[in-house]
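In what follows, a structure is listed as structure tokens, so that the remarks can point back to it.
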Amino acid sequence: MKFIPIEDAGKIMTTHAERKETRLVARTSTEIQKIIQRAADYSGATLSQFLIESAMDKARNVIERTETLHLSMAGADALFAVLENPPKASKKLLKAAQGYKDTMNAHNH
């Protein structure tokens, strides 16, 4: 899976000759299509352009909400305090870390 930084997502919409073509298909009612077409007309975009731009806006929003950590000042202070003075690793944590390393090594070979 390839992750694209949200600030680079706008660069995805390159010229027609530069991008690989793929098709997105969505079935909807005639009423919904008319509303979306009307909005596309108002914005001066084709229906396809409008749908892609709208989907990209929504995708960026979802990615940002999902990948961004929002903390209160108290939460941020607590996080930084633990990062600056981490607690000693417990036996359970060390065992879990070793299990993870073993699993990852098994998958990489």
Side-chain angles (χ1 to χ4, degrees):
M1 181 182 294
K2 181 178 178 185
F3 290 97
I4 299 167
I6 195 143
E7 58 273 4
D8 293 339
K11 297 175 188 172
I12 293 170
M13 303 275 307
T14 58
T15 66
H16 181 73
E18 293 175 328
R19 69 176 181 250
K20 292 182 181 178
E21 293 296 320
T22 187
R23 180 174 296 276
L24 295 175
V25 178
R27 295 201 179 272
T28 188
S29 69
T30 303
E31 180 182 345
I32 290 173
Q33 182 180 2
K34 286 179 182 178
I35 291 169
I36 295 171
Q37 182 65 62
R38 192 164 99 204
D41 293 343
Y42 286 146
S43 70
T46 67
L47 181 60
S48 291
Q49 289 169 332
F50 185 83
L51 288 171
I52 295 300
E53 289 170 12
S54 298
M56 286 296 292
D57 287 345
K58 180 69 173 187
R60 284 187 200 101
N61 183 278
V62 168
I63 291 167
E64 183 177 351
R65 275 195 334 246
T66 304
E67 295 180 355
T68 303
L69 178 64
H70 296 276
L71 295 173
S72 65
M73 286 304 293
D77 289 342
L79 175 62
F80 288 125
V82 171
L83 289 173
E84 290 172 0
N85 299 303
K88 185 176 177 182
S90 68
K91 288 181 183 180
K92 189 175 180 179
L93 177 61
L94 293 172
K95 184 178 178 182
Q98 186 60 51
Y100 176 78
K101 282 173 113 177
D102 293 345
T103 301
M104 294 311 294
N105 285 335
H107 290 302
N108 291 332
H109 291 198

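These numbers come from a predicted model, not from an experiment. We count residues from 1, following the sequence as given.
- Distance check, rounded to the nearest 0.5 Å: OG of Ser48 to CG of Leu24 gives 9.0 Å.
- Between the CZ atom in Phe80 and the CG atom in Asn85 there is a gap of 13.5 Å [rounded to 0.5 Å].
- Leu47 CG to Arg38 CZ: the interatomic distance, rounded to the nearest 0.5 Å, is 14.0 Å.
- Side-chain atoms of Arg60 and Met56, non-hydrogen and from C-beta on, do get closer than 4.5 Å to each other.
- A distance of 12.5 Å separates NZ in Lys101 from CE in Met104, rounded to the nearest 0.5 Å.
- Proximity of a side-chain donor or acceptor of Ser43 to a complementary backbone N or O of Ala40 within less than 3.5 Å is detected.
- Residues Phe50 and Ile32 share a hydrophobic cluster, clusters being chains of Ile/Leu/Val/Met/Phe/Trp/Tyr side chains in contact below 4.5 Å.
- Other residues, nucleotides and ligands contribute at most 12 non-hydrogen atoms within 6.0 Å of the CD atom of Glu31.
- Considering CD of Glu53 and CG of Leu51, their distance stands at 10.0 Å, rounded to 0.5 Å.
- Residue-environment remark: CD (Gln37) exceeds the threshold of 12 foreign heavy atoms within 6.0 Å.
- Using a distance-only test at 3.5 Å, with no hydrogens or angles considered, a donor-acceptor pair links the side chain of Gln49 to the main chain of Thr46.
- For the pair Val25 and Arg23, the minimum side-chain heavy-atom distance is below 4.5 Å.
- With rounding to the nearest 0.5 angstrom, the OG atom of Ser29 is 7.5 Å from the CD1 atom of Ile35.
- Both Leu71 and Leu83 are assigned to one and the same hydrophobic cluster, defined by single-linkage of ILVMFWY side chains at heavy-atom distances under 4.5 Å.
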